[in-house]
Amino acid sequence: MFELNPVLGRDSILVGHFSLCQLRIINDAQFPWFILVPQRNDISEIYQLVEEDRQQLLLESCVLAEVLHDAFSATKLNVAALGNQVPQLHVHHIVRYKTDPCWPDPIWGKNKAVPYAQAELAEILQKVQALLSDELTLPSDGAELYY
């Protein structure tokens, strides 16, 4: 059974499931910031995935990136798999704007996270879930939406 790293669980909210990955939103209202977490245990690097899973991860990442770029009118989309602090493989998809608080620098470690207001989070989740409705299975209950 798949186990999510507790730090990822604490810092993010489940949006839904692709066939391979959980899609989660980082609880930081400064940036539309999503992560894909392949539902495979004991994987910290992309190369450790079997070939089929690597291809599926790339497909899911590209679908998500296109939706986020268009839906949020991004200046730039940062996509990265770092894992320096959380070893479980997860791929960041961060919508960036020239007006964001860190532009043009990386966002890592710059500002303390600003949690979403419940209404703002609900609006973003509804938007992303609707745009990905053909690819995404929604959570069976809304329990994780209310933190």
Side-chain angles (χ1 to χ4, degrees), residues 1-97 100 102-111 113-116 120-147:
M1 181 164 201
F2 173 71
E3 291 184 37
L4 181 67
N5 179 286
V7 174
L8 295 179
R10 178 195 72 211
D11 294 346
S12 67
I13 298 144
L14 182 65
V15 178
H17 296 88
F18 285 105
S19 65
L20 174 65
C21 296
Q22 284 189 9
L23 173 59
R24 305 184 70 85
I25 185 170
I26 298 294
N27 191 12
D28 186 350
Q30 298 172 90
F31 313 94
W33 179 356
F34 295 80
I35 58 172
L36 288 176
V37 184
Q39 296 179 106
R40 302 291 185 261
N41 290 319
D42 304 318
I43 300 289
S44 59
E45 305 292 344
I46 293 171
Y47 76 84
Q48 294 172 325
L49 292 168
V50 298
E51 177 68 25
E52 182 180 325
D53 286 350
R54 283 190 298 240
Q55 291 176 3
Q56 187 62 35
L57 175 59
L58 181 60
L59 175 68
E60 292 174 10
S61 178
C62 288
V63 166
L64 177 61
E66 184 175 6
V67 163
L68 294 178
H69 188 275
D70 294 348
F72 292 95
S73 302
T75 301
K76 177 72 175 96
L77 192 68
N78 293 164
V79 178
L82 301 174
N84 296 348
Q85 296 199 10
V86 176
Q88 182 173 43
L89 179 60
H90 59 288
V91 181
H92 299 266
H93 292 69
I94 308 160
V95 177
R96 300 295 307 274
Y97 304 101
D100 77 40
C102 296
W103 183 269
D105 297 324
I107 66 168
W108 316 113
K110 300 285 183 181
N111 299 324
V114 177
Y116 280 102
E120 184 181 13
L121 176 62
E123 183 180 323
I124 289 175
L125 291 176
Q126 183 179 37
K127 179 179 191 176
V128 171
Q129 289 169 337
L131 291 168
L132 292 168
S133 63
D134 290 342
E135 292 87 9
L136 205 61
T137 303
L138 300 182
S140 57
D141 65 17
E144 278 201 69
L145 300 181
Y146 305 102
Y147 48 93

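We're numbering straight along the sequence, starting at 1. Hydrogens, waters and symmetry mates play no part in the numbers below; they use all other heavy atoms, side chains included.
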Next item on the list: Find out whether Leu77 and Val95 are in side-chain contact, i.e. whether some heavy atom of one side chain is under 4.5 Å from a heavy atom of the other.
Entry: yes
Check: Hey, is CD on Glu66 packed in by over 12 heavy atoms from elsewhere, all under 6.0 Å?
Finding: no
Check: Hey, are the side chains of Leu23 and Leu36 touching, using non-hydrogen atoms and a 4.5 Å cut-off?
Finding: yes
Next item on the list: In sequence, state the C-alpha distance, the side-chain angles, and the governing distance for Thr75 and Asp100, and then conclude on side-chain contact (heavy atoms from CB on, under 4.5 Å).
Entry: CA-CA 10 Å; Thr75 301; Asp100 77 40; over 6 Å; no
Notebook entry, point to check: Of the non-hydrogen atoms in Ile94 and Trp108, which two are nearest, and what is the gap between them?
Noted result: CD1-CH2, 3.6 Å
Notebook entry, point to check: Hey, is the main chain of Asp105 close enough, under 3.5 Å, to the side chain of Arg96 for a donor-acceptor pair?
Noted result: yes
Checklist line | Side-chain donor/acceptor of Glu60 to backbone N/O of Ser19, under 3.5 Å | finding: yes
Notebook entry, point to check: So do the side chains of Cys102 and Asn111 get within less than 4.5 Å of each other, counting heavy atoms only?
Noted result: yes
Margin query: What's the separation between atom NE2 in His90 and atom CG in Leu8, rounded to the nearest 0.5 Å?
Written below: 5.0 Å
Notebook entry, point to check: Minimum heavy-atom separation for Gln30 to Ala113, with atom names?
Noted result: NE2-CA, 3.9 Å
Notebook entry, point to check: When you measure from the side chain of Ser61 to the backbone N and O of Leu58, does any donor-acceptor pair fall under 3.5 Å?
Noted result: no
Next item on the list: Give, for atom CZ of Arg40 and atom CG of Leu49, the distance between the pair rounded to the nearest 0.5 Å.
Entry: 7.5 Å
Item checked: Which atom of Phe72 lies closest to which atom of Phe34, heavy atoms considered -> CE1-CE1, 4.4 Å
Checklist line | Any donor-acceptor pair under 3.5 Å from Asp28 side chain to Val114 backbone | finding: yes
Notebook entry, point to check: Within the distance-only criterion (no hydrogens, no angle test), does the side chain of Arg54 pair as donor or acceptor with the backbone N or O of Tyr47 below 3.5 angstrom?
Noted result: yes
Check: Backbone N or O of Asn5 within a donor-acceptor pair of the Gln88 side chain at under 3.5 Å?
Finding: yes
Notebook entry, point to check: Are there more than 12 heavy atoms of other residues, nucleotides or ligands under 6.0 Å from atom CD of Glu51?
Noted result: yes
Notebook entry, point to check: Without hydrogens or angle criteria, can the side chains of Glu52 and Gln56 be said to hold a donor-acceptor pair below 3.5 Å?
Noted result: no
Item checked: Distance (rounded to the nearest 0.5 Å) between Leu20 CG and Leu57 CG -> 6.0 Å
Check: Any side-chain heavy atom of Val67 sitting closer than 4.5 Å to one from Glu135?
Finding: no
Notebook entry, point to check: In Å, rounded to the nearest 0.5 Å, how long is the span from CG of Leu64 to CZ of Phe18?
Noted result: 5.5 Å
Check: Within the distance-only criterion (no hydrogens, no angle test), does the side chain of Glu120 pair as donor or acceptor with the backbone N or O of Ala29 below 3.5 angstrom?
Finding: no
Check: Could you state the interatomic distance from CD1 (Ile26) to OG (Ser12), rounded to the nearest 0.5 Å?
Finding: 5.0 Å
Item checked: Heavy-atom donor-acceptor pair, Gln129 side chain to Val15 backbone, under 3.5 Å -> yes
Notebook entry, point to check: Taking all non-hydrogen atoms of both residues, which atom of Pro32 and which atom of Tyr116 are closest, and how far apart?
Noted result: CA-OH, 4.0 Å
Checklist line | Residue pair Gly16 / Leu136: nearest heavy atoms and the distance that separates them | finding: C-CD1, 3.8 Å
Note to self: Would the distance check show the side chain of Asn41 and the main-chain N or O of Met1 forming a donor-acceptor pair, the cut-off being under 3.5 Å?
What the structure shows: yes
Item checked: Approximate separation, where rounding is to 0.5 Å, of Phe31 CZ and His92 NE2 -> 12.5 Å
